[in-house]
Every structure is written in structure tokens, then in C-alpha cells.
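Input: a single structure, listed below in C-alpha cells.
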There are 2 protein chains.
Amino acid sequence: MRNHKSKKIMQEWEDRLSDHGYRVTSPRRVILDILAESCRPLTPLEVYDRAREKSPKIGLVTIYRTIEKMEELHLIDRVHDHSQCQTVFRATHGHQHLLICSDCGLSAYFDGLEMEDQFEGIGQSYGFQVTGHWLQLNGVCPDCQKQSRNA
Amino acid sequence: MRNHKSKKIMQEWEDRLSDHGYRVTSPRRVILDILAESCRPLTPLEVYDRAREKSPKIGLVTIYRTIEKMEELHLIDRVHDHSQCQTVFRATHGHQHLLICSDCGLSAYFDGLEMEDQFEGIGQSYGFQVTGHWLQLNGVCPDCQKQSRNA
DNA sequence: GTGCTTGCAAATTCTTTGCAACTTT
DNA sequence: AAAGTTGCAAAGAATTTGCAAGCAC
């Protein structure tokens, strides 16, 4: 049973693919549909399993390639999952968050801004019991800004 | 040239390992040292390369196993890296952030709280030009709370 | 018809596991 | 001496690439 909202998203997504010169094929529609409807983040393998129920001949490679394009068009986001992310940095105690240079990776911690207090309340308004969070800012550090100016 | 701060961290980390019944071995010291000193997040392979410079016989497996224990003791965090995280969820437009159930994955977006305005200022105080951010709250959704109560 | 897309098979890369030898406590 | 740890080799996963056939526009 498809709801209105995901129908609308589907249309929007298909248009976006077309507008960028990508083709709306039937395997792609299956994948778009799964991602539009899902109320939880999915891995490529999970998308693959669901896709095969609707279209048994679909290949895993198509999942990867479609996800790639969807991300390029900002239709989907990659969610932070501890068990997948192998990149590590020393932890701090308590209320600090990370600022990371997207060019060179240089990182610094900054203080929590009393945001954490808000987090619990936000969770509660959705009935969630908040147990943790992850906040990071991505940007360009002073050195990399200089270099791009000189380039 | 080691600075005071990373020396202090090293001591703290070694103590923490000992306190938990883990042994402070020389390969581990090399790895701890690299992670204490690094001013950017590192992948296991990057740690491995740096470790071999100091201790050529060290094995990649040791890196993985040491990172595992360090994470368990909360000495390091896993940083969100788009190129590694394959778990995807539909994107929203604009100022929304994600709330994710750590049990079942159920997710919801919540509004941005005008936090984004602060982000730029925070970045500037470190000389960074902020280009993006990732904020997600982890918690337990209503249904999963019920289930754990019944269990 | 043109050019993007698909699915297969194969190659690559990354991560985990089993085990005998070795260290730390 | 006991128990945790190491590195090797091998197994297992996950992701990417090459290519001929197929499909959308």
C-alpha cells in the first residue's frame, strides 16, 4: 500500500533523473520505490533483497550504480553507522563535536553549545529515548583555503 | 617531536588498557601513539602505514584488533565518512536532521532548530569555512521501548 | 539509431578468523 | 606459569570494473 507522500517523492525523483540525462528504467524504478518508501536507512544488500522480491533478475551492481547516481543528485544521504565507518579519531570526554577539513582531514573539537540539552527534548517529541548523537561539521581549514586561492 | 598533550593522552590510554585487563604491548604502544598524535581521522590502512614506519613487522590484523579495543574503551570515535558509509536514506531539502532508532533503524527527520546559523560561526572561530554538516541523534523508538519493557 | 543501462563474471579491496609462537603480568 | 597478544595465512564480505546484450529516448 503506497502512500501519497512516497508517490510524490517518486515522481520528483524520476523527474530529477530525466532532467540530468539519466534514464528512467524499470530496475531503477524498483530501487527508487524502495528508497522512497523505506522508513529506515538501508544498505545496498538490503535494497538488493527487497528489490529481488519485486524483480528477481535485478543485479546487485545495478543497486550500487543507482545509489551512486541518486547520491550525486542529492536524493539520498549516507547515514553514519558505527559498524561501517572505520575511520577513527581520538575521543574527547563529554560535550564536544568535530570539525573536519574535507580537503586534508585536519580536525578539531569544539564545545557542545548546550545543544545536547535540546537533543533529549527533540527525541521525546517523537517518542524516542535519545541515547547518543553524532554531530560533525565539514569545511575547509585555513591552510587548504590558502592553497585553493593560490591554485 | 611529541607534545605534552599527546604524552598525557598516551599515559591515560595505557592506564585504561591495563585497568581493563588488557596488556600494554609494544605494537599497541605504536598504535596508541599514532592515534594520540594524529590531528586527523585515520583509516586502519593509514594507521598501518604509519605503524610500519616505526615497527616494520607489525601486522594489519593487530591494527584492527587494537582499534576494536580502543573503541570499546571509548578512547576513539568512528567518524562519519561519506565514502565509507553505504547505508542510505532519502534526503530532505534544507534544514533537517535525522533521528534513528538503534534497535530497529526506524528514522525520522526533525527540524534544524536554527542550529545551522551557529555552525558557520563555530567554524569561523577555528578559521574553517563550513561547507556542510552531519547531525544525527540515536535513540530507541516507541515500539522498541515497549518491546524491551516486555522482554 | 544512438547512447545510456543492465546483469554476468571476474577482479579488487577490505575485514575477520584460526592457529601456533611469543609476551606481558 | 597463565593468559592475553602477535603475525601469518586463509577465508569471507563487500565493492568495483569490463563487456556484450538490451532498452529508453
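For the numbers below, each heavy atom of this structure counts, side chains included, while hydrogens, waters and symmetry mates do not.
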For Gln11(B) and Asp15(B), what are the C-alpha separation, side-chain angles and deciding distance, and is it a side-chain hydrogen bond (donor to acceptor under 3.5 Å, both in side chains)? CA-CA 6 Å; Gln11(B) 189 57 57; Asp15(B) 291 348; 3.1 Å; yes
Between [X] ([atom1]) and [N] ([atom2]), how many Å, whole number?
X        : N       : atom1 : atom2 : result
Asp19(A) : dC25(D) : CG    : C1'   : 14 Å
Leu60(A) : dT16(D) : CG    : C1'   : 11 Å
Glu68(B) : dG4(D)  : CD    : C1'   : 14 Å
Glu14(A) : dC4(C)  : CD    : C1'   : 17 Å
Ile31(B) : dT5(D)  : CD1   : C1'   : 11 Å
Leu45(B) : dT15(C) : CG    : P     : 7 Å
Leu17(A) : dC25(D) : CG    : C1'   : 14 Å
Ile63(B) : dC8(D)  : CD1   : P     : 12 Å

Do the side chains of Ser18(A) and Val24(A) get nearer than 4.5 Å, heavy atoms only? yes
Less than 4.5 Å apart, any side-chain heavy atom of Met70(B) and any of Ile76(B)?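 Of all side-chain heavy-atom pairs linking Ile76(B) with Met70(B), at least one is under 4.5 Å.
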Using the closest heavy atom to pick a nucleotide of DNA chain D for each, name whichever of Lys69(B) or Tyr48(B) lands nearer the 5' end. Lys69(B)
Please determine if a side-chain N or O atom of Arg28(B) lies less than 4.0 Å away from the OP1 or OP2 oxygen of dT6(D). yes
With a 4.0 Å limit, can you tell me whether Gln86(A) has a side-chain N or O closer than that to the phosphate oxygens OP1/OP2 of dT15(C)? yes
Using five pairs at either end of the helix from dG1(C)-dC25(D) to dT25(C)-dA1(D), determine the angle between the two local helix axes and round it to 10 degrees. 50°
Taking atom CZ of Phe128(A) and atom OG of Ser107(B), what is their separation to the nearest 0.5 Å?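 Reported value, rounded in 0.5 Å steps: 6.5 Å.
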Quick check: are there more than 12 heavy atoms from other residues, nucleotides or ligands sitting under 6.0 Å from CD of Gln84(B)? yes
Any ring pair (Phe, Tyr, Trp, His ring centres under 6.0 Å) pairs touching residues 42-87 of chain B, not counting sequence neighbours?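 Non-adjacent pairs meeting ring pair (Phe, Tyr, Trp, His ring centres under 6.0 Å): His80(A)-His80(B), His80(B)-His82(B), His80(B)-Trp134(B).
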Is any NZ, NE, NH1 or NH2 atom of the basic residue among Lys54(A) and Asp33(A) found under 4.0 Å from an Asp or Glu carboxylate oxygen of the other?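 Here Lys54(A) pairs with Asp33(A) in a salt bridge, since their nearest N and O are under 4.0 Å apart.
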Would you call Asp19(A) and Arg16(A) a salt bridge, taking side-chain N to carboxylate O under 4.0 Å as the test?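 Here Asp19(A) does not pair with Arg16(A) in a salt bridge, since their nearest N and O are not under 4.0 Å apart.
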Checking only heavy atoms, does the side chain of Arg65(B) share a donor-acceptor pair with the base of dG4(D) at less than 3.5 Å? no
All N/O pairs under 3.5 Å across the protein-nucleotides 22-25 of chain C interface:
unit_1: dT24(C); atom_1: O2; unit_2: Arg23(B); atom_2: NH1; d: 2.8

Aromatic ring pairing Phe119(B)/His97(B), orientation class (parallel under 30°, perpendicular over 60°, tilted between):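 Judged by the thresholds at 30° and 60°, the geometry between Phe119(B) and His97(B) is perpendicular.
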